[in-house]
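One structure below.
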Amino acid sequence: MPLIVFPTSQLLWVRVAALLFTCVAFSAAAHAARLPHGGMADWCIFCWAFSFACTLLVLLVQQFGLQPRIPVSWSNFPITIACYAALLCLSASVIFPLFFLKDQQGPSEARDHRIVSTVFSCLAAVAYMGEVSLTKARPGETAGYMATAPGLLKVLQTFVACIIFILVSDPVSYDQHPALKWCMAVYCICFILSMAVVVLCVGECTGCLPIPFSKFLSAYGLLAVIMYLTATIIWPIFQFDKRYQGQSSASSKLIAVAVLTGLNFLLYLADLAYTARLVFVSA
């Protein structure tokens, strides 16, 4: 009877660990944690289940040598998944204890399961960060775009934008003034373009653009920096200045949006610097 021998590596064991950690996290939460339906509970379970499913797919494809049959760039897909999974598990590791452990009273069994989910979510986040560290491009190494610093920054930009969308939509906090609508337009436009870059790289479609991909990245990076700079200045002025808003004090969500807007501006600025170095210095 023929034996199937799977080659082992440090990367393989990191992925297996992430698979097990996410499996335990969402299994414990879904089994007996007695979580409410909807809201942050569903978000946390989605983070663990999505990460588990994508990691399982990557492992199966990698171990059975099915990369040529998968219509994606295998130099970009695994690290993109790992980076998003790291961010998702990290967000769940912060949100879950804040909403379902802090100041919560209930059956000891349910609380024990919530603690287990929190611990294994943290372990999964660490495992995914380890995978990203193992698979990112090293200096002088040939790798896919998503394995480079600009590619990883694109993932961070889209994730931060998603958090901003959640914060400004419940309740809606950008329709009081046209300037705030401009900020929302900045978030949407830059998110769509960053996500388009991720999809083009993972789908190996960068050659479909009417201009060279490097020039597109440079032009888009400069545009995004300018747009986010305006949003970084406009959002706090029209949200926190009492001349423009009717609230007596700024809510924590509005403050968080201002901080995340500034963070994304810095991410786009770093992205532009890395892209300029890749395009012009390498040339």
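No side-chain heavy atom of Asn264 sits under 4.5 Å from any side-chain heavy atom of Leu156. Considering only heavy atoms from C-beta on, Leu217 comes within 4.5 Å of Lys154 through its side chain. Ser51 places none of its side-chain heavy atoms less than 4.5 Å from the side chain of Phe26. Within the 4.5 Å cutoff, side-chain heavy atoms of Ser173 are placed close to those of Gln239. Residues Leu60 and Leu66 are not in side-chain contact: their nearest non-hydrogen atoms beyond the backbone lie 4.5 Å or more apart. When side chains are defined from C-beta on, Leu20 does not count as touching Phe120, because their heavy atoms never get closer than 4.5 Å.
Applying the 4.5 Å side-chain rule to ILVMFWY residues, one finds Leu11, Leu134 in the same cluster as Val14. Under a 4.5 Å side-chain heavy-atom criterion applied to ILVMFWY residues, the cluster that includes Tyr128 comprises that residue alone.
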What verdict does the side-chain contact (heavy atoms from CB on, under 4.5 Å) test give for Leu12 and Gln62, after you've listed the backbone C-alpha separation in whole Å, the side-chain angles of each residue and the deciding distance to 0.1 Å? CA-CA 9 Å; Leu12 172 64; Gln62 189 80 42; over 6 Å; no
So Phe96 and Trp48, ring pair (Phe, Tyr, Trp, His ring centres under 6.0 Å) or not? Walk me through it. CA-CA 11 Å; Phe96 195 78; Trp48 300 322; 5.3 Å; yes
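The side chain to side chain donor-acceptor pair (under 3.5 Å) check on Glu131 picks up Arg15, with sequence neighbours excluded. Residues satisfying the ring-ring contact (aromatic ring centres under 6.0 Å, His included) test with Tyr228, not counting sequence neighbours, are Tyr187, Tyr268. Partners of Tyr84 according to the ring-ring contact (aromatic ring centres under 6.0 Å, His included) rule, which considers only residues two or more places apart in sequence or in another chain, do not exist here. Residues passing the side chain to side chain donor-acceptor pair (under 3.5 Å) test with Thr22: none are found, sequence neighbours excluded. With sequence neighbours excluded, the residues satisfying ring-ring contact (aromatic ring centres under 6.0 Å, His included) with Trp74 are Phe77. When the side chain to side chain donor-acceptor pair (under 3.5 Å) test is applied to Thr206, no partner is found at least two apart in sequence or on another chain. By the ring-ring contact (aromatic ring centres under 6.0 Å, His included) test, Phe159 is found to be paired with no residue, residues two or more places apart in sequence or in another chain being considered. For Ser75, the side chain to side chain donor-acceptor pair (under 3.5 Å) partners two or more places apart in sequence, or in a different chain, are Ser73.
Hydrophobic clustering places Leu254 together with Leu263 (ILVMFWY residues linked when any side-chain heavy atoms are closer than 4.5 Å, directly or through intermediates). Follow the hydrophobic side-chain contacts under 4.5 Å out from Ile192 and you reach Leu267 in the same cluster. With hydrophobic clusters built from ILVMFWY side chains whose heavy atoms lie under 4.5 angstrom apart, Val116 shares a cluster with Leu123. The cluster map of Ile, Leu, Val, Met, Phe, Trp and Tyr, joined by side-chain heavy atoms under 4.5 Å apart, puts Leu90 and Val132 in different clusters. Following chains of ILVMFWY side-chain contacts shorter than 4.5 Å, one can reach Leu260 starting from Val257, so the two form part of one hydrophobic cluster.
Across all non-hydrogen atoms, the minimal contact from Ser218 to Leu272 is O-CD1, 3.9 Å. When all heavy atoms of Thr275 and Pro150 are compared, the closest pair comes out as OG1-CB, 4.1 Å. Nearest heavy-atom pair across Leu180 and Gln176 is CD1-OE1, 3.6 Å. Pro236 and Ala231 get closest at one heavy-atom pair: CD-O, 4.1 Å. The two residues Cys89 and Ala124 have their closest heavy-atom pair at SG-CB, 4.0 Å. The two residues Met146 and Leu152 have their closest heavy-atom pair at O-CD2, 3.5 Å.
For Phe238 and Trp182, the ring centers sit 6.0 Å or farther from each other.
Side-chain N or O atoms of Thr158 include one that pairs as donor or acceptor with a backbone N or O of Val155 at under 3.5 Å. Looking at Ser133, its side chain never comes within 3.5 Å of a backbone N or O of Met129 through a donor-acceptor pair. With Asp271 contributing its side chain and Leu153 its backbone, the two residues share no donor-acceptor pair below 3.5 Å.
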List the atom pairs, with distances to 0.1 Å, where a side-chain N or O of residues 161-169 and a protein N or O form a donor-acceptor pair under 3.5 Å, not counting sequence neighbours.
from, atom 1, to, atom 2, distance (Å)
Ser169, OG, Phe165, O, 2.8
Ser169, OG, Ile166, O, 3.2

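The one candidate from Leu223, Leu222, Leu229 that meets the side chain to side chain contact (heavy atoms under 4.5 Å, CB included) condition with Ile226 is Leu222.
If you take OG on Ser93 and CG on Leu88, they are separated by 10.5 Å, rounding to the nearest 0.5 Å.
For residues 192-223, the set of pairs meeting the ring-ring contact (aromatic ring centres under 6.0 Å, His included) definition, not counting sequence neighbours, comprises Tyr145-Phe213.
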